[in-house]
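Structure record follows, encoded as structure tokens.
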Amino acid sequence: MSVKGKERADLDHYDPEDLLPAITYRQLHSQTLGVRDPLRVIALCDSDAFYAACEMVRLGITDKPLVVLQWESLIAVNYPARKFGISRMDKLKDAKARCPELVVVHVATYKEGEKEPGYWDNVDTRTHKVSLDFYRRESAKIHGIFREMLPDAEVEKASIDEAFIDFTQPVRKLLLHRYPELAQPPPDELDNVLPPPPPIKWDGLGNIVPHDDTDDSESSPPNTWHDVAISIAAELMHKVREEVRIKLGYTLSAGIARNKFLAKLSASYRKPNSQNNLLNIAIPHYLEPMQFQKIRFLGGKLGDALAKEYDVSTVGDLLSVSLNDMQSKFGEGAIWIYEILRGIDRSEVKAKSSVNKSMLASKNLAQAITKAEEGYHWIRVLAAELALRLKDARETNPNLWPKTLVLHARHGYEASRSRQAPFPFRRDFDVSYIAGAGNKLWKELVGTATTMKVTSVQLAFTGVGAAESGQRSIEGFFKNGSSSSRNDDHVDEGLTGQVENAPATSSFTCPRCQKELRATALEDAEVNAALEAIKVEHGDWHFAQDLAKEDLSSTERPRLSLREPVKGSQALSPPKRKKKRKREDEEPKESIARFFVRR
DNA sequence: ACCGCACTA
DNA sequence: GGTAGTGCGGT
């Protein structure tokens, strides 16, 4: 029974005060512990074979094996198809050979000449462009249910098919409600530890990641209050998953643990349609045999560098590496790795706005573009997609505004080059407007070259943000060349000269600040109305300035600020790429050098 | 601010 | 391999 391997993880590398902390009333009632809260509970919830599931929902298929195709490649394989041994790496031919009744769906595409993406019979990479729009919308619906059912939880959308949920606050509320004795600490004894927790009923709450290799439940150590917290999060998570399954038809898998990386890791413990609870006591046993390259942020080059440096593959293998050693080779930031290996991760679940900061439409060209004019065709296709996506986004968020338009083009096998330009605020815009701006960037990019091999074109909005909620939207038909500040000259430049059929313009100089306000509209008749609206808005702005008594120079965009700034905490973040080595005099190993040093 | 790049899924 | 999205550093 105990011949091979360890049955029990070696606990020397862990702090019992960290894994099995005694919790006091003071800690239980504190609202300010944040990532150091001993009762912190995080879930990672992801959709099983998401793109395939979306197509099943769309087609009303429940059980059949199905794959989603992007040109010749499989990009998603549902679980019924996986039973036939089909994987994403397979060729379509091989997949069909394994399962003749396989349902094959090609992802939606924009077809030349069509306004909206659709599912066509014969897709051709030379004339079509993939659209992931349907999946984005389904994703947003799922996210909506999370937010609706968990108003007290932070929800961080981590990708199109997964989200982190911080259950700490809702769990604490329920804990105090269900165990009222905890809500009333003995007077003047706030630093007493809590009474022993009750037994936990795990029925219907998912799998429990085992804490050793025996299946003898009698050997289980006693529960902790953190285990209770996880079980409450598991209840909530289960309800949410059920709701999504019933309302939208998607099955979700979740991992529940004390921090983000462990939640993510335990989500894949068993799939699909399951949830996995990782109690603190099970962390060493779960983590040590794990390939560290499965850990979030260690799946890429950093993980490779670690594996090469120490010639190892599991978390357990790395536990004997000292913090000093790791930091000497990977920089100060290596403390992040050192702690991850010991189950510690203080990164926050950051509630992100449902709006992405950027929108990218891209197209790889099997047949490289050789003449400048061919670029305009694809730019127009990409512009059409961006126009539609921005229009859709504005249906829920009317004042969304992309700050910049960026065009990337890749020449042959070289790295891609890019050009960007400010994208003026416009409530009303069309494909030609975006395409015109894109074309101008294309000209900058290709210069005077007459011959080229462009293998990839990408057009993106960046700095996408919404106006403040209190803002009265500038409704209407006009475009607004300069409602913000005198430093926004580039906005006007962006409009003129860039678009053929330049729209009509009218201007006005503010008596208070001498700023020139300009209105631009497609029709002459609309210019005056537009200018009036801008005047009103500008007046409102002065009003707000007077109230706030703020320095004019610091408030260039009245009531049009982008979303809150990122407040990442340096020390607790994943490794920074450019962290300097501690000892500059020592040459780094080749693998490390390539990771941290440019070129 | 602009651009290139590295990284991630 | 295609289609995304984010953030950092240099200028």
Side-chain angles (χ1 to χ4, degrees), chain A residues 44 46-47 50-51 68-76 88-91 106-110 117 123 125 128-136 139 156-163 264 267-268 293-305 333 350 352-353 355-366 382 385-386 389 403-411 413-423 441 444-445 455-464 487-491 493-494 556 565-568 570 573-580 594-599:
Chain A
L44 180 283
D46 64 18
S47 173
F50 184 55
Y51 292 177
V68 180
L69 216 55
Q70 179 176 275
W71 314 130
E72 307 304 314
S73 322
L74 304 192
I75 57 169
R88 278 177 50 175
M89 301 291 98
D90 293 337
K91 300 280 180 216
H106 192 280
V107 62
T109 54
Y110 285 89
V123 292
T125 177
H128 295 60
K129 185 211 163 293
V130 164
S131 167
L132 303 181
D133 242 26
F134 179 62
Y135 310 142
R136 285 191 201 97
S139 172
E156 174 182 332
K157 197 172 182 222
S159 76
I160 196 165
D161 71 345
E162 62 184 16
K264 166 86 180 166
S268 48
Q293 297 193 333
K294 289 184 183 167
I295 293 173
R296 203 162 86 112
F297 298 125
L298 295 183
K301 299 196 176 182
L302 180 52
D304 284 344
K350 184 123 190 355
K352 289 186 184 156
S353 133
V355 179
N356 287 326
K357 294 185 181 68
S358 65
M359 283 182 193
L360 172 67
S362 72
K363 174 67 187 172
N364 283 9
L365 301 150
L382 301 177
E385 175 173 349
L386 289 183
R389 284 171 61 183
K403 201 177 165 194
T404 309
L405 184 71
V406 189
L407 178 72
H408 284 256
R410 185 179 147 127
H411 284 233
Y413 294 111
E414 293 168 28
S416 88
R417 299 301 201 85
S418 74
R419 285 292 181 275
Q420 60 188 292
F423 190 78
L441 294 173
E444 283 182 35
L445 215 44
T455 50
S456 154
V457 188
Q458 311 184 322
L459 194 64
F461 286 141
T462 64
V464 182
N487 289 335
D488 270 356
D489 300 11
H490 57 262
V491 166
E493 285 164 19
E556 312 217 305
V566 189
K567 71 148 198 267
Q570 288 287 72
S573 303
K576 300 287 177 274
R577 307 318 164 206
K578 288 285 286 187
K579 267 294 195 282
K580 272 213 164 109
R594 219 171 305 134
F595 188 74
F596 285 100
V597 184
R598 238 173 247 264
R599 244 154 242 148

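The chains referred to below are lettered A, B, ... by the order of the sequence lines, with proteins before strands, and numbering in each begins at 1.
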Of the nucleotides [options], which has the atom closest to the [X] side chain?
{"X": "A/Arg88", "options": "C/dG5, C/dG1, C/dT3", "answer": "C/dG1"}
{"X": "A/Arg136", "options": "C/dA4, B/dC2, C/dG1", "answer": "C/dA4"}
{"X": "A/Arg417", "options": "B/dC3, C/dG2, B/dG4", "answer": "B/dG4"}
{"X": "A/Lys363", "options": "B/dG4, C/dT3, C/dT6", "answer": "C/dT3"}
{"X": "A/Arg419", "options": "C/dG2, B/dC3, C/dA4", "answer": "B/dC3"}
{"X": "A/Glu385", "options": "C/dT3, C/dG1, C/dA4", "answer": "C/dA4"}
{"X": "A/Asn364", "options": "B/dG4, C/dG5, C/dT3", "answer": "C/dT3"}
{"X": "A/Leu132", "options": "B/dC7, C/dG5, C/dT3", "answer": "C/dT3"}
{"X": "A/Glu162", "options": "B/dA9, B/dC7, C/dT6", "answer": "B/dA9"}
{"X": "A/Lys129", "options": "C/dG7, C/dA4, B/dG4", "answer": "C/dA4"}

Distance in angstrom units between [X] [atom1] and [N] [atom2], rounded:
{"X": "A/Met359", "N": "C/dT3", "atom1": "CE", "atom2": "C1'", "value": "15 Å"}
{"X": "A/Leu302", "N": "B/dT8", "atom1": "CG", "atom2": "C1'", "value": "12 Å"}
{"X": "A/Asp161", "N": "C/dG5", "atom1": "CG", "atom2": "C1'", "value": "13 Å"}
{"X": "A/Leu360", "N": "B/dC5", "atom1": "CG", "atom2": "P", "value": "17 Å"}
{"X": "A/Gln458", "N": "B/dC5", "atom1": "CD", "atom2": "C1'", "value": "12 Å"}
{"X": "A/Arg410", "N": "B/dC5", "atom1": "CZ", "atom2": "P", "value": "11 Å"}
{"X": "A/His106", "N": "C/dG2", "atom1": "NE2", "atom2": "C1'", "value": "10 Å"}
{"X": "A/Glu156", "N": "B/dA9", "atom1": "CD", "atom2": "C1'", "value": "14 Å"}

> Just to confirm, is there a sub-4.0 Å distance from OP1 or OP2 of C/dT6 to any side-chain nitrogen or oxygen of A/Ser358?
Replying inline: yes

Sugar-phosphate, base or nothing in reach of [X], heavy atoms under 4.0 Å:
{"X": "A/Ala361", "answer": "sugar-phosphate"}
{"X": "A/Ile160", "answer": "nothing"}
{"X": "A/Ser73", "answer": "nothing"}
{"X": "A/Lys264", "answer": "nothing"}

> By ring-ring contact (aromatic ring centres under 6.0 Å, His included), which residues pair with A/Tyr135, not counting sequence neighbours?
Replying inline: A/Tyr51

> Would A/Asp304 and A/Lys301 count as a salt bridge (Lys or Arg N to Asp or Glu O under 4.0 Å) if you check the C-alpha gap in whole Å, the side-chain angles of each, and the deciding distance to 0.1 Å?
Replying inline: CA-CA 5 Å; A/Asp304 284 344; A/Lys301 299 196 176 182; over 6 Å; no

> Closest nucleotide of DNA chain B for A/His408 versus for A/Thr404: which of these residues is on the 5' side?
Replying inline: A/Thr404

> Where each residue is assigned the nucleotide of DNA chain B containing its nearest heavy atom, which of A/Ala158 and A/Leu445 is assigned the position nearer the 5′ end?
Replying inline: A/Leu445

>> Checking side-chain polar atoms at under 3.5 Å, does A/Ser362 have a donor or acceptor matched by the opposite partner on A/Lys129?
In response: no

> Looking just at side-chain N and O atoms, do A/Ser268 and A/Lys294 make a donor-acceptor pair shorter than 3.5 Å?
Replying inline: no

>> Which residues pass the side chain to side chain donor-acceptor pair (under 3.5 Å) test with A/Arg410, not counting sequence neighbours?
In response: none

> Would you find more than 12 non-hydrogen atoms of other residues, nucleotides or ligands less than 6.0 Å from A/Arg136 atom CZ?
Replying inline: yes

